[in-house]
There are 2 protein chains.
Amino acid sequence: MPIDANIHIPQETARRLSLYLRSLKRLIQNKTKVASSEEITRFLNVSSVQFRKDLSYFGEFGRRGIGYDVETLRQEIGKILGTNVVRKIALIGVGKLGFALLGYPGFLELNLQISAAFDNDPEKIGKVLAGIKIEDIRRMKELIINRGIKIAVLSVPADEAQGISEKLAGSGIKAILNFAPVNLSLPGNIYVSNVDMASELESLVYKLKRGRL
Amino acid sequence: MPIDANIHIPQETARRLSLYLRSLKRLIQNKTKVASSEEITRFLNVSSVQFRKDLSYFGEFGRRGIGYDVETLRQEIGKILGTNVVRKIALIGVGKLGFALLGYPGFLELNLQISAAFDNDPEKIGKVLAGIKIEDIRRMKELIINRGIKIAVLSVPADEAQGISEKLAGSGIKAILNFAPVNLSLPGNIYVSNVDMASELESLVYKLKRGRL
DNA sequence: ACGTGTGAACCGATTCACAGCA
DNA sequence: TGCTGTGAATCGGTTCACACGT
């Protein structure tokens with residue numbers, strides 16, 4: 001039972017925790033009180049052993065021979081992930097994709113709140129979309145610092161992404177979810193995660209081509 | 001030099017090939033004729049050894065002591081990935097996200113052509129967005145079969161995703177890029193790849209919380 | 001008997017270390 | 001000497017096999 005914070009936790013485990021949260025929420029809606037690892041992972045494609053192994057990095061949450069108390073487990077995982085606290089995020093670039101992200105319900109579900117949105121298009125600046133006012137990107141640093149935002153979602157054109165991400169780094173942003181199809185090179189203390197839709201699809205096409213032909 | 005098609009190729013390698021393509025295109029734009037693995041990977045975050053290892057699964061493309069001919073390598077990787085042929089894809093669900101995907105330039109760049117788009121909203125059906133006519137989702141099977149589409153991008157609400165994906169499977173679709181935050185359970189001969197934006201962001205937040213605090 | 005928790009074995013992928021060719 | 005290509009070592013993560021508590 002390693003409540004020991006120094007132990008190494010696989011990053012894949014961290015990624016799966018939010019899937020477990022979703023599954024637990026569904027079970028709670030179904031009024032399920034107790035569930036086995038098998039039931040919790042039934043609609044994820046994660047094995048029940050994987051689930052138990054993942055939890056074992058954080059402690060013991062189940063009862064042998066019985067299963068898990070769904071509600072308390074949800075709270076525990078929420079605490080681990082930090083979804084019990086609302087976190088502010090900034091959205092940079094309100095083009096088509098950015099607009100879609102403004103209304104994306106998945107963020108709210110994990111207590112991630114878009115607290116600022118920026119664009120450089122004078123047509124958009126000042127408008128309110130999905131309840132959020134679009135600010136001039138020239139005020140980015142100022143507002144990010146003022147509002148104490150540490151996380152940014154970057155949905156700007158590829159050729160602007162590197163420059164803007166450097167300004168984000170200079171504004172105290174610590175983590176960036178990057179939708180632009182370029183690799184950002186930034187100081188090592190900034191976490192970057194890339195969502196590369198075309199490349200994802202391409203590798204799927206490749207598999208298809210190779211697997212079936 | 002394994003031109004041997006039976007050899008096992010890591011799926012991570014397949015995913016990186018499209019990154020290499022992008023890098024090579026940039027070099028071609030810069031009029032570079034020959035480049036070392038070091039130069040090709042400079043703006044990716046992939047090591048040069050990784051790059052060479054990846055290529056080694058498909059053959060020998062470089063010249064020792066010199067580097068790679070940029071243009072021929074681009075063609076070779078294009079052939080491997082199949083981006084030399086235009087592939088038709090279908091877009092299911094033209095909400096905010098779907099609309100953003102309609103205009104996403106990254107697909108075209110990899111020769112992936114959106115050849116059909118579907119929605120169930122009568123307001124949208126018949127409209128033309130980004131040059132593509134939105135069709136009634138009830139005609140999905142018919143049109144996908146007629147047009148010989150094998151790849152679908154699914155951007156519908158979470159609670160509809162499973163049902164629609166089953167219909168896609170029944171329409172001869174072989175690969176799905178799924179944006180809905182649910183796991184699709186489908187026959188094993190259908191490739192599914194998930195883009196889970198909220199979960200991606202959440203794992204970033206977790207890292208941040210853990211790394212720096 | 002049932003379902004959790006976990007060290008050990010295993011597997012896929014990355015990195016090392018160096019041989020090979022220009 | 002410079003840079004590619006690759007078997008061997010290593011690493012991170014998953015799966016196995018089983019001990020443990022109820």
Side-chain angles (χ1 to χ4, degrees), chain A residues 1-4 6-17 19-20 23-24 27 32-42 44-70 72-73 76-77 80 183 203 206-207 210-211, chain B residues 1-4 6-17 19-20 23-24 27 32-42 44-70 72-73 76-77 80 183 203 206-207 210-211:
Chain A
M1 50 166 85
I3 307 177
D4 184 356
N6 310 41
I7 204 170
H8 173 78
I9 287 159
Q11 61 166 239
E12 292 305 304
T13 294
R15 162 171 286 104
R16 281 188 296 265
L17 289 177
L19 301 181
Y20 302 153
S23 179
L24 291 167
L27 287 167
T32 309
K33 294 282 180 225
V34 174
S36 66
S37 57
E38 200 62 57
E39 291 166 314
I40 293 170
T41 56
R42 180 156 303 147
L44 274 29
N45 68 354
V46 173
S47 71
S48 62
V49 198
Q50 184 66 267
F51 171 82
R52 298 200 302 276
K53 187 72 163 179
D54 284 342
L55 287 187
S56 78
Y57 293 110
F58 302 98
E60 302 191 6
F61 303 100
R63 287 204 294 151
R64 296 171 191 230
I66 310 286
Y68 300 83
D69 180 294
V70 173
T72 54
L73 185 57
E76 292 294 338
I77 296 181
I80 294 166
N183 186 258
S203 95
Y206 170 78
K207 256 199 211 163
R210 183 153 241 271
Chain B
M1 49 167 83
I3 305 176
D4 183 355
N6 309 40
I7 204 170
H8 173 78
I9 288 160
Q11 61 165 238
E12 292 305 306
T13 293
R15 163 172 284 104
R16 281 188 296 264
L17 289 177
L19 301 182
Y20 301 154
S23 179
L24 291 167
L27 287 166
T32 308
K33 294 283 181 226
V34 173
S36 67
S37 58
E38 200 63 55
E39 290 167 315
I40 293 169
T41 56
R42 180 155 303 146
L44 275 29
N45 69 355
V46 174
S47 72
S48 62
V49 198
Q50 184 67 266
F51 171 82
R52 297 201 302 276
K53 187 72 165 181
D54 284 342
L55 287 187
S56 78
Y57 293 110
F58 302 99
E60 302 189 8
F61 302 102
R63 287 204 294 152
R64 294 168 194 233
I66 309 288
Y68 300 83
D69 180 293
V70 172
T72 54
L73 185 57
E76 291 294 338
I77 295 181
I80 294 166
N183 186 258
S203 96
Y206 170 78
K207 258 199 211 164
R210 183 153 242 270

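Residue numbers begin at 1 in each chain, while the letters A, B, ... track the order of the sequences.
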Could you give the CD-to-P distance, from B/Glu39 to D/dG2, as a whole number of Å?
14 Å
Value in whole Å for how far the P atom of C/dT6 lies from CZ of A/Phe58
13 Å
Using atom CG of B/Asp54 as one end and atom P of C/dT14 as the other, report the distance to the nearest whole Å.
7 Å
Just how far, in rounded Å, is P of C/dG7 from OH of A/Tyr57?
10 Å
Presence of B/Gln50 side-chain N/O under 4.0 Å of C/dT15 phosphate oxygens OP1/OP2
yes
Sugar-phosphate only, base, or nothing, as touched by A/Ser37 at under 4.0 Å among non-hydrogen atoms
sugar-phosphate
Partner residues of B/Arg15 under the salt bridge (charged side-chain N to carboxylate O under 4.0 Å, His left out) criterion, sequence neighbours left out
A/Glu200, B/Glu12
Base, sugar-phosphate, or nothing: which does A/Glu38 touch, judged by heavy atoms less than 4.0 Å apart?
nothing
Looking only at heavy atoms, which two atoms of A/Ser56 and A/Lys53 are closest? And how far apart?
OG-O, 2.6 Å
Rounded distance in Å - CG (B/Asp69) to P (D/dT4):
13 Å
Can you identify which nucleotide, out of D/dC20, D/dC3, D/dT14, has its nearest atom closest to the B/Ser36 side chain?
D/dC3
pair B/Thr13-B/Leu55: side-chain heavy atoms closer than 4.5 Å:
no
CD of A/Glu76 versus C1' of C/dG5: gap in Å, rounded?
16 Å
Could you tell me the separation between the CG atom of B/Leu55 and the C1' atom of C/dA13, rounded to a whole number of Å?
16 Å
Rounded distance (Å) that lies between atom P of D/dG12 and atom CD of B/Glu12
15 Å
Quick check on DNA chain C: between A/Gly65 and A/Lys53, whose nearest nucleotide comes earlier from the 5' end?
A/Gly65
Side chain of A/Pro10 only, please: which of D/dG13, D/dT6, C/dG5 is the nearest?
D/dG13
Taking the six-membered ring where the residue is Trp, are the ring centres of A/Tyr68 and A/Tyr20 under 6.0 Å apart?
no
Using C1' atoms of five pairs at each end, report the bend of the helix from C/dA1-D/dT22 to C/dA22-D/dT1 rounded to 10 degrees.
10°
Working to the nearest 0.5 Å, report the span between CZ of B/Arg42 and OG of B/Ser23.
10.0 Å
Output yes when at least one side-chain N/O atom of B/His8 is less than 4.0 Å from OP1 or OP2 of C/dC11, else no.
no
Please work out if B/Arg15 contacts a base, only the sugar-phosphate, or nothing of the nucleic acid, heavy-atom cut-off 4.0 Å.
nothing
Closest heavy-atom pair, B/Ser48 versus B/Ser37, reported as atoms and distance to 0.1 Å, is CB-OG, 3.5 Å
Tell me which of A/Gln11 and A/Ile66 sits closer to the 5' end of DNA chain D, going by the nucleotide each one is nearest to.
A/Gln11
Nearest of D/dC20, C/dT14, C/dT6 to any side-chain atom of A/Arg64?
D/dC20
For a quick test of reading the model: is some side-chain N or O of A/Tyr68 closer than 4.0 Å to OP1 or OP2 of C/dG5?
yes
Minimum-distance nucleotide to B/Arg52 side chain [options: C/dT4, D/dG5, D/dG13]:
D/dG5
